[in-house]
A.B. asks: 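What follows is a structure written as structure tokens; I'll ask about it next.
From a predicted model like this one, the values you see are computed outputs, not experimental measurements. Per chain, numbering begins at 1; letters A, B, ... match sequence-line order.
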Amino acid sequence: MIPDTGSPSARSPVEVVLDDAPRMNLLGLLMRGLLVTNLAEPRLAARAAGLRGAIQVTAGRMGASLTFEGARIVVSTRPASGPRARVAGDMVALLDVVARRALLGPVLTGKVRLGGNPFFLLRLLPLIRTR
Amino acid sequence: MKQFLTDLLGAEGVLDEPARLAAYSEDQTEIEGGAPALVAFPTTTKQIQSIVHVAGQERTPITARVFGTNLGGLTVPSEGGLVLDLTRMNRVIDIDREDMVAVIEPGVSQRILKDRLTSEGIPLTLGYSLAPPDTSVFANALMGGLTNRSLKYGNQAEAISALEVVLSDGSLAQLGSWAVDGVPPFGRVPLPDLIGLFVGWQGTTGIATRMAFQLWPLHPLNRRLFFLTYTPRATFEAMRRLVRTEAVDDIGGLSWPSGKMMLGVPNPHPVLGDGEPTFFLYLDLTAEIPEEMAVKEKLVQRVIDGLRAEGERYEGPIDVSTLVKVNPAMGKFADFPTHLDFLTDHPGGGLTWIGTYGPLSRFTDAAVACGEIMMRAGLPPTIVSRPMRGGHYGVLRFVTVFDKKDPNDVARTRAVNRELLLELTNRGFLMYKTPVWAWNELKPRMDPGMLKLMGQVKHLMDPYRHFNPGKLGL
């Protein structure tokens with residue numbers, strides 16, 4: 001696994017690692033970058049450190065999972081087993097959610113589909129949205 | 001020679017320490033290096049004239065260079081030769097706002113010219129290559145390189161409207177509209193186009209010392225949009241149709257490995273995973289007023305919707321600002337010039353390519369065939385493509401990063417490059433910024449009349465055979 005060194009999260013108590021980096025897909029790489037940026041903020045790092053479990057994200061036909069293990073977050077292309085939450089949509093809609101902070105509209109129109117534990121999702125959401 | 005150069009340039013203008021000369025002996029490619037005996041740093045045309053005259057008398061080979069970022073081994077010097085490092089000739093001599101022309105010296109980089117235009121609030125721009133910001137505008141133009149204005153205006157050589165050159169005997173010639181005293185540098189025509197004797201000749205016919213370089217209007221509104229595509233046909237058919245709207249300033253098709261390397265994976269696996277996009281297509285739109293931008297966006301959408309109706313899949317448009325917000329690494333594609341450090345600063349230190357120009361109609365099949373060549377060699381198919389000159393041709397380039405210290409990796413790179421060159425030539429593409437080994441592959445296929453004429457011109461222009469010897473395989 002490739003950890004993030006030399007990145008903002010290198011100073012964070014939570015490390016972001018890529019599972020099988022040479023095979024990591026675009027979705028996983030974008031999420032990794034977003035997490036690294038956000039985890040430089042101590043408040044968000046503390047939130048991440050307190051999370052346990054996985055979220056499965058699907059953009060179009062690309063899938064990636066984020067597994068929160070306290071001191072690290074593992075980004076993988078392997079489907080998470082028993083994810084606590086799921087988010088799916090096309091890439092454009094997901095980027096809208098992530099970058100524009102809009103959630104209700106894409107969900108109501110069906111462009112983004114949410115599943116699993118809503119509380120886990122709500123706690124996780126600030127970590128995968130731009131600030 | 002060393003004493004002559006020291007007398008002419010001062011001690012600070014001459015380099016002969018072996019440790020520092022090493023930096024001039026090779027480039028990032030797999031091409032073998034050559035150790036120069038001396039490096040000289042002239043700052044005036046007169047100095048270059050003197051040097052060329054003396055070097056000719058002494059039959060000393062000269063390699064003129066600026067930043068050495070070309071990937072064709074074109075500034076690798078002859079063993080024991082003289083390198084003329086022109087980076088200290090870096091003046092923007094003049095910018096004519098009305099006729100949209102800049103007069104520049106060889107050492108003017110993309111960054112220098114852009115900074116000058118920006119700092120003076122001049123609403124003009126130049127085309128930027130994907131080479132680092134500290135890359136010579138002058139050199140890229142002389143080699144017919146491409147830029148982000150090539151879709152509209154062709155390769156960068158087509159922006160040269162006048163040129164000053166030092167000939168083999170040290171004399172000076174003014175070409176293009178500078179050929180007639182008092183005429184401003186508006187263009188290469190209508191006089192006989194002798195500027196062509198220095199374009200694409202890879203420094204083997206003389207040394208250019210001043211260039212009049214055409215600039216273009218800078219429009220106040222800009223958008224860069226990305227589309228994710230899932231087949232080569234979707235990529236290149238979109239490219240071809242978008243070109244014909246004449247609404248787009250630049251289109252780039254980058255295959256998936258570029259994106260992954262940009263996002264921090266230096267050695268992506270050669271095989272793409274399920275559901276992943278195969279290309280990133282980016283489009284640049286500029287406009288004077290919002291209404292114009294809206295029309296252009298509508299034209300783009302019409303093309304994409306038409307292709308979707310034919311069964312092709314696109315995700316987008318995605319504004320580059322969104323991508324940069326999500327992952328700051330995407331900022332490398334937010335503005336030009338840019339530093340694609342994931343290529344130039346690759347851990348193995350090696351960067352090479354087979355860059356070709358050819359007809360857009362053949363891009364899809366060529367990209368597929370050459371992508372397979374790379375994958376069979378265990379390399380991710382790193383492709384850069386752009387339409388040029390209104391779609392009459394385009395660039396199709398296959399990039400390899402490798403470990404310069406690993407002989408096996410170097411050998412593999414050479415073998416792949418050779419196979420790519422042959423495949424692309426067979427499909428109607430011609431390599432630009434051509435290394436010597438590629439010239440040697442091409443020559444048997446070239447028209448005897450062309451070769452004869454090249455030889456005659458070369459003999460006329462370089463009777464002492466001291467201008468960058470061998471670089472055209474002649």
A.B. asks: So, does B:Lys260 use its side chain to make a donor-acceptor pair with the main chain of A:Leu26 at under 3.5 Å?
C.D. replies: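 A pair under 3.5 Å: no.
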A.B. asks: Kindly check if the number of other-residue, nucleotide or ligand heavy atoms within 6.0 Å of CZ (B:Arg308) is above 12?
C.D. replies: yes
A.B. asks: Check each atom of B:Pro270 against the heavy atoms of chain A and say whether the ones under 4.5 Å are side chain, backbone, both or neither.
C.D. replies: neither
A.B. asks: Are the side chains of B:Asn327 and A:Leu29 in touch, meaning some heavy atoms are under 4.5 Å apart?
C.D. replies: no
A.B. asks: Quick check: does any side chain N or O of A:Arg32 sit under 3.5 Å from a backbone N or O of B:Leu263, one acting as donor and the other as acceptor?
C.D. replies: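 Flag set: sc A:Arg32 to bb B:Leu263 pair under 3.5 Å.
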A.B. asks: Looking at B:Leu323 and A:Leu95, what are the two nearest heavy atoms and their distance?
C.D. replies: CD2-CD1, 4.0 Å
A.B. asks: Chain A heavy atoms under 4.5 Å from B:Ile318: which part of the residue, side chain, backbone, both or neither?
C.D. replies: side chain
A.B. asks: Measure across A:Val92 and B:Gly316 and return the closest heavy-atom pair with its distance rounded to 0.1 Å.
C.D. replies: CG2-N, 3.3 Å
A.B. asks: With a cut-off of 6.0 Å (strictly less than), are more than 12 heavy atoms of other residues, nucleotides or ligands near CZ of A:Arg61?
C.D. replies: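 No, not enclosed.
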A.B. asks: Of the non-hydrogen atoms in B:Glu315 and A:Asp90, which two are nearest, and what is the gap between them?
C.D. replies: OE1-CB, 3.3 Å
A.B. asks: Should we count NZ of A:Lys111 as having more than 12 external heavy atoms under 6.0 Å?
C.D. replies: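 Atom NZ in A:Lys111 is not packed in, count stays at 12 or less.
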A.B. asks: Any chance CG of B:Asp274 has more than 12 other-residue heavy atoms, nucleotides or ligands included, within less than 6.0 Å?
C.D. replies: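 At most 12 heavy atoms, drawn from other residues, nucleotides or ligands, come within 6.0 Å of this atom.
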A.B. asks: Which pair of non-hydrogen atoms, one from B:Thr322 and one from A:Ala99, has the smallest distance, and what is that distance?
C.D. replies: CG2-CB, 3.6 Å
A.B. asks: In this structure, are over 12 heavy atoms from other groups packed under 6.0 Å from B:Arg302 atom CZ?
C.D. replies: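 No, CZ of B:Arg302 has 12 or fewer neighbouring heavy atoms, counting only those of other groups under 6.0 Å.
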A.B. asks: Please look at B:Phe280 and chain A and tell me whether the side chain, the backbone, both or neither of the residue comes under 4.5 angstrom of a heavy atom of that chain.
C.D. replies: side chain
A.B. asks: Determine whether a donor-acceptor pair (N or O, by modelled atom type, separation under 3.5 Å) exists between the side chain of B:Glu276 and the backbone of A:Met62.
C.D. replies: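 No: the side chain of B:Glu276 does not pair with the backbone of A:Met62.
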